[in-house]
Amino acid sequence: MTFREGDDLPHAPSTRPQSLMFSFLGVYVLGRDVAVYSGSVIDVFARLGVTEEAVRSTLTRMVKRGLLARHRSGRKTYFGLTAHATAVLEDGRRRMWETGAVNRGWDGAWTLVGFSLPDDRRATRHDLRSQLIWAGFGLLQSGMWIAPGVKDVRAIVAGLGLRDHVTVLTASAAEPTESADLVRKAFDTGQIAARYHAFLDRWDTPDPQPALPDDLARQLLLHTDWLQLVRQDPHLPAEHLPPDWPAIRAEQVTRSLARAYEQPARELAAKVLDELPLRA
């Protein structure tokens, strides 16, 4: 069975070709001055049942969005990262491997973001909400978003041209409001926990993803699945979460499997990928 652009893959929920592409680029291109031949990327993605059409469409869209740059060598087209893509992938890498699954160092501070945008800026409002969620914010009440800790949202605001439309404050809870109330109102911890439990059902098994052909495919799907989880996790204070919070086990499983897949996946990738060195 093959899957086209816009389809969800059967191995994990909402795993689209673009999500897999970010994982692939983060593992095999980020931090290296190379571009990869589109045909070899197609070969890698075929292991996950992604069609050639879907891969080419994803690459084209990422070029249009300023995330990839085309490089030609002979009759072949290679794709390399732009500065924008590098920043996005580095942020994802930090979230995946450095932030940690549970926020144990919270100091009681909250960052509040308030905004009001007219209806003719609906698309911008959607982009702002999406980026706030990625940054760990939850909707406390209409027009007011909140996140634990001190968050720097200047890049988000500046990037969307919203300096005159957004108010940012740092604060702490004061009676009669408790921090536990803010967590309960702004974040659906039950839904967050359910996503981690679903992840564990897929990966915390003796033989995860047996239908996939090799560890390169399993590595890319694992990275994609884990990044989707941490993107949706606001990194709430540990003191306001149950002691058996499933993110702890999920992180342990992810790190263990990532180590197990690393060497065999890289050996396979070295055989498949056609790379073009980039020189300044």
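The residues of the chain are indexed from 1 along the displayed sequence.
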Quick check against the 3.5 Å criterion: does [X] have a side-chain atom that pairs as donor or acceptor with the backbone of [Y]?
X: Ser172; Y: Gly108; answer: no
X: Arg218; Y: Leu212; answer: yes
X: Asp207; Y: Pro210; answer: no
X: Thr224; Y: Ser23; answer: no
X: Arg125; Y: Leu117; answer: yes
X: Trp226; Y: Met96; answer: yes
X: Thr51; Y: Ala54; answer: yes
X: Ser40; Y: Leu273; answer: no
X: Ser256; Y: Val253; answer: no
X: Thr86; Y: Leu81; answer: no

Given the ring of Trp134, does Arg95 sit roughly above its face, with NZ or CZ under 6.0 Å from the centre of the six-membered ring and within 45° of the axis? yes
How many angstroms lie between atom [atom1] of [X] and atom [atom2] of [Y], to the nearest 0.5 angstrom?
X: Thr58; Y: Leu68; atom1: OG1; atom2: CG; value: 10.0 Å
X: Asp214; Y: Gln209; atom1: CG; atom2: CD; value: 12.5 Å
X: Phe24; Y: Gln219; atom1: CZ; atom2: CD; value: 10.5 Å
X: Thr254; Y: Leu229; atom1: OG1; atom2: CG; value: 7.5 Å
X: Leu48; Y: Leu216; atom1: CG; atom2: CG; value: 7.5 Å
X: Phe45; Y: Leu20; atom1: CZ; atom2: CG; value: 5.5 Å

Stepwise side-chain contact (heavy atoms from CB on, under 4.5 Å) test for Thr189 and Val183: CA-CA 8 Å; Thr189 56; Val183 170; 4.0 Å; yes
Could you give me the CA-CA distance, side-chain angles and deciding distance for Tyr28 and Arg266, then say whether side-chain contact (heavy atoms from CB on, under 4.5 Å) is met? CA-CA 8 Å; Tyr28 291 105; Arg266 287 200 176 275; 3.6 Å; yes
Neighbour count >12 (heavy atoms, 6.0 Å) for atom CZ, Arg231: no
Decide if atom CZ of Arg154 counts as having more than 12 heavy atoms of other residues, nucleotides or ligands within a radius under 6.0 Å. no
Residue of the set His197, Gln252, Arg249 for which side chain to side chain donor-acceptor pair (under 3.5 Å) holds with Asp204: Arg249
Taking side chain to side chain contact (heavy atoms under 4.5 Å, CB included) as the criterion, tell me which of Arg70, Arg56, His71 meets it with Thr77. Arg70
Do the rings of Phe187 and Trp110 sit parallel, tilted or perpendicular, given the 30° and 60° boundaries? parallel
Would the His235 and Trp106 ring centres measure less than 6.0 Å apart? no
Do the two ring centres, one from Trp97 and one from His223, sit under 6.0 Å apart? yes
I'd like to know if [Y] and [X] are part of one continuous hydrophobic network [Ile/Leu/Val/Met/Phe/Trp/Tyr, side-chain heavy atoms within less than 4.5 Å].
X: Leu128; Y: Ile146; value: no
X: Phe79; Y: Val29; value: yes
X: Ile42; Y: Val36; value: yes
X: Val27; Y: Leu30; value: yes
X: Val272; Y: Val55; value: yes

Taking the side chain as every heavy atom from C-beta outward, state whether [X] and [Y] have any pair of such atoms under 4.5 Å apart.
X: Ser116; Y: His165; answer: no
X: Phe115; Y: Thr167; answer: no
X: Ser38; Y: Tyr78; answer: no
X: Leu89; Y: Asp91; answer: no
X: Leu236; Y: Asn103; answer: no
X: His240; Y: Leu182; answer: no

Please check if any side-chain donor atom of Arg61 sits under 3.5 Å from a side-chain acceptor atom of Gln18, or the reverse. yes
Taking atom types as modelled, find out whether Tyr196 and Gln232 have a side-chain donor-acceptor pair closer than 3.5 angstrom. no
Any carboxylate oxygen within less than 4.0 angstrom of a Lys/Arg side-chain nitrogen, looking at Arg255 and Glu251? yes
Quick one: do Arg93 and Glu90 make a salt bridge, cutoff under 4.0 Å? yes
Only counting residues at least two apart or in another chain, list the ones meeting salt bridge (charged side-chain N to carboxylate O under 4.0 Å, His left out) with Asp127. none
Is there a side-chain contact (heavy atoms from CB on, under 4.5 Å) between Trp245 and Val102 once you walk through the steps? CA-CA 9 Å; Trp245 187 240; Val102 177; 4.0 Å; yes
side-chain contact (heavy atoms from CB on, under 4.5 Å), that's the test. Do Val88 and Phe22 meet it? Break it down for me. CA-CA 9 Å; Val88 171; Phe22 275 112; 4.1 Å; yes
